[in-house]
K.L.:
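After the C-alpha cells below, expect a handful of questions from me.
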Amino acid sequence: MDEPIPVTRAVDHGTAKLMPDVDRARAWLLTVDGAPQSYVDLDDPTYLEFEYARRLAHVLDTAADDGRALDVVHLGGGALTLPRYLAATRPGSAQDVVDADRGLLALIAETLPVDPALDIRTHGADARGWLEAAPDDSADAIVADVFGGSRVPAHLTSLTYAREAERVLRPGGVYTANLADSAPFAFLRSQLANFQAVFPYLVLIAEPAVLRGRRFGNAVLVAAHHEPDIAALSRRCAADAFPARVEHGPGLRRLIGDAKPVQDEDAVASPEPPDGAFSIG
C-alpha cells in the first residue's frame, strides 16, 4: 500500500499543510501557517487528538440523550473533525459547517472527503454573516471554533454576536466555543460577560494550570437556557489524558468579576498566543 504523503497548498488565509500521522493509518494533522487547526482519523472519526476538541465533544455528548440526532451549526470548519464525530455518535444529524476560507474547504473536500450520504453541508462564508442570515430557533447546538491564524476574529467577540447565536438556537439548545487566553483573562472574562448577558447558564472548561494563570491555553465556553449536566461533563473532562476543570456557578461569577459585555465598536480579537504555544515546526 502506498504511504500517504504530506499535502501543502496555498489557501485563502495562508498555507495549509496536511501531514499524515505515522502512528495511525488514515489520520491527518491540518495546520495553517504552522498553527494546528485540526486532526482527523478517517478510520475512526470518534478519535479526537486535541484536548479542546474532546471538551467540545463532551459538551455535544451531554447536550441530549445518547444517539439523538441534532441540528448543528459549526462556525469554523478545519478538517471537519467534529462534524465527522457527530455523524458517528449521533447518526442522522443535520450539520452546517461555515468557514470563510473557501480554499481550505475545497482542499478538505478533495483530499479528506466526507461520505456524501452524511448530512454535512459546507458553506464558504463569514461566520457572523452566515449566522445573521440563519432562521430563528433553527439549531440544537452551535459550535464555534473560528481562528484567523491563532486568534478569534474581533467581530465574533461582541455582545451582538452572542445575541445572534442565542436567536438561532432553539430554547433547549447549547452554544459552545473554543477560546484561548492567559491571566489576567481580560479577553476570556469579556466573552463570559457577553454570554452571561444573554444566557442564564454558563460553564467554562479548562485545564487547572490555565485557570490558575500559569500558562496560555484553550478554554471551552458553554452557554444555554437550561442547566447543563455538570456532573456528566465533569466526569468526562476529569477522565481525559489532560484532565480539565468544569467551572460554573459562584466560581465562574468570581472569574467574570466586574467584566462588562463588549459592544461591536470596542470588540478586539483574542490575544496573540506566546511563541510556540500552538505552533508546529
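Heavy-atom basis, side chains included; hydrogens, waters and symmetry copies ignored.
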K.L.:
Kindly give the heavy-atom pair with the smallest separation between T111 and L107, and that separation in Å.
P.N.:
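Of all heavy-atom pairs spanning T111 and L107, the closest is OG1-O, 2.7 Å.
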
K.L.:
Please report the interatomic distance CZ(R26) to CG(D43), rounded to the nearest 0.5 Å.
P.N.:
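Those atoms lie 4.5 Å apart.
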
K.L.:
If hydrophobic clusters are built by linking Ile, Leu, Val, Met, Phe, Trp and Tyr wherever their side-chain heavy atoms come under 4.5 Å apart, do L70 and V97 end up in the same one?
P.N.:
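They do not share one cluster, since no chain of ILVMFWY contacts under 4.5 Å joins L70 to V97.
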
K.L.:
Using a strict threshold of under 4.0 Å (side-chain N to carboxylate O), is an ion pair present between E110 and R9?
P.N.:
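Salt bridge: yes.
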
K.L.:
List the atom of C237, the atom of I205, and the distance in Å for their closest heavy-atom pair.
P.N.:
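Shortest heavy-atom separation between C237 and I205 comes out as SG-CG2, 3.6 Å.
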
K.L.:
What donor-acceptor contacts under 3.5 angstrom involve side-chain atoms of residues 141-149, with partners at least two apart or in another chain?
P.N.:
residue, atom, partner, partner atom, Å
D145, OD1, N178, ND2, 3.0
D145, OD2, Y52, OH, 3.2

K.L.:
Check the hydrophobic clustering (I, L, V, M, F, W, Y; side-chain heavy atoms under 4.5 Å; chains of links allowed) and say if L105 and I120 are grouped together.
P.N.:
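Not linked; separate clusters.
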
K.L.:
By the ring-ring contact (aromatic ring centres under 6.0 Å, His included) test, which pairs, at least two apart or in different chains, include something from residues 53-96?
P.N.:
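Listed once each, the pairs would be none.
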
K.L.:
Considering only heavy atoms from C-beta outward, does the side chain of L255 approach that of L204 to under 4.5 Å?
P.N.:
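L255 reaches L204 side chain to side chain.
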
K.L.:
I'd like to check the side-chain contact (heavy atoms from CB on, under 4.5 Å) partners of F187; sequence neighbours left out, ordered by chain and number.
P.N.:
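side-chain contact (heavy atoms from CB on, under 4.5 Å) check on F187 returns V152, T157, L179, D181, S190, Q191, S270, P271.
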
K.L.:
May I ask whether Y201 and F195 are part of the same hydrophobic cluster, defined by side-chain heavy atoms of I, L, V, M, F, W, Y residues being less than 4.5 angstrom apart, directly or through others?
P.N.:
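Unlinked, Y201 and F195 end up in two clusters.
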
K.L.:
Between R68 and D140, is a side-chain contact (heavy atoms from CB on, under 4.5 Å) present by the stated rule, with each step listed?
P.N.:
CA-CA 11 Å; R68 190 187 123 203; D140 296 309; 3.9 Å; yes

K.L.:
For the residue pair V168 and L131, what are the closest heavy atoms and their distance?
P.N.:
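Nearest heavy atoms, V168 then L131: CG2-O, 3.7 Å.
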
K.L.:
Do the side chains of D137 and L169 get nearer than 4.5 Å, heavy atoms only?
P.N.:
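When only atoms from C-beta onward are counted, D137 and L169 do not touch, as no gap falls below 4.5 Å.
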
K.L.:
Not counting sequence neighbours, which residues clear salt bridge (charged side-chain N to carboxylate O under 4.0 Å, His left out) with R84? List them please.
P.N.:
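Expected list: none.
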
K.L.:
With side chains defined as the heavy atoms from C-beta onward, is the minimum distance between D240 and E51 less than 4.5 Å?
P.N.:
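In short, these two side chains do not touch, never coming nearer than 4.5 Å.
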
K.L.:
So does R121 have more than 12 non-hydrogen atoms from other groups sitting under 6.0 Å from CZ?
P.N.:
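More than 12 within 6.0 Å, yes.
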
K.L.:
How long is the straight-line distance from CG of D21 back to CG of D23, given to the nearest 0.5 Å?
P.N.:
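One finds 5.0 Å between CG of D23 and CG of D21.
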
K.L.:
Side-chain donor-acceptor contacts of residues 241-254 below 3.5 Å, not counting sequence neighbours, with atom names and distances?
P.N.:
residue, atom, partner, partner atom, Å
R245, NE, E247, OE2, 3.0
R245, NH2, E247, OE2, 2.6

K.L.:
Do L48 and I108 belong together in a cluster built from hydrophobic side chains that touch within less than 4.5 Å?
P.N.:
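No; tracing contacts between hydrophobic side chains, which count when under 4.5 Å, never links both residues.
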
K.L.:
Count I, L, V, M, F, W, Y as connected when their side-chain heavy atoms are under 4.5 Å apart, and connections chain through other members. Are Y161 and I256 then in the same cluster?
P.N.:
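In one cluster with Y161: I256, yes.
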
K.L.:
Check step by step if side-chain contact (heavy atoms from CB on, under 4.5 Å) holds for E49 and R24.
P.N.:
CA-CA 11 Å; E49 174 76 10; R24 299 179 74 90; 5.6 Å; no

K.L.:
Does T62 reach the side chain of R236, with side-chain heavy atoms less than 4.5 Å apart?
P.N.:
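T62 vs R236: side chains touch.
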
K.L.:
Taking side-chain contact (heavy atoms from CB on, under 4.5 Å) as the criterion, tell me which of L80, L112, L104, T81 meets it with S38.
P.N.:
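Only match with S38 under side-chain contact (heavy atoms from CB on, under 4.5 Å): T81.
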
K.L.:
For residues 219-232, please give each side-chain donor-acceptor pair under 3.5 Å, one per line with the distance, not counting sequence neighbours.
P.N.:
residue, atom, partner, partner atom, Å
H225, NE2, E166, OE2, 2.8
D229, OD1, A232, N, 3.1

K.L.:
Got a second to check how far Q196's CD is from L159's CG, nearest 0.5 Å?
P.N.:
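Taking CD in Q196 and CG in L159, the distance rounds to 11.5 Å.
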
K.L.:
Does the side chain of M19 reach to within under 4.5 Å of the side chain of P4, using non-hydrogen atoms?
P.N.:
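Answer no - side chains too far apart.
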
K.L.:
So do R189 and D258 actually touch side chain to side chain, heavy atoms under 4.5 Å?
P.N.:
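In short, these two side chains touch, coming nearer than 4.5 Å.
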
K.L.:
What I'd like to find out is whether the side chain of H123 reaches to under 4.5 Å of the side chain of D99, using heavy atoms alone.
P.N.:
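Result no, sub-4.5 Å side-chain heavy-atom pair not found.
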
K.L.:
Is there a side-chain contact between E207 and R55 in this structure, where contact means two heavy atoms from C-beta onward sitting under 4.5 Å apart?
P.N.:
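E207 vs R55: side chains touch.
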
K.L.:
Rounded to the nearest 0.5 Å, what's the gap from CG on D96 to CH2 on W130? Could you check?
P.N.:
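So the gap between those two atoms works out to 4.0 Å.
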
K.L.:
Starting from the C-alpha separation in whole Å, work towards a yes-or-no answer on side-chain hydrogen bond (donor to acceptor under 3.5 Å, both in side chains) for R167 and S138.
P.N.:
CA-CA 9 Å; R167 179 188 63 78; S138 56; over 6 Å; no

K.L.:
Find the distance between CG (N194) and NZ (K260) and round it off to the nearest 0.5 Å.
P.N.:
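N194 atom CG to K260 atom NZ measures 12.5 Å (nearest 0.5 Å).
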
K.L.:
More than 12 foreign heavy atoms under 6.0 Å from CG of D66: is that the case here?
P.N.:
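Open.
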
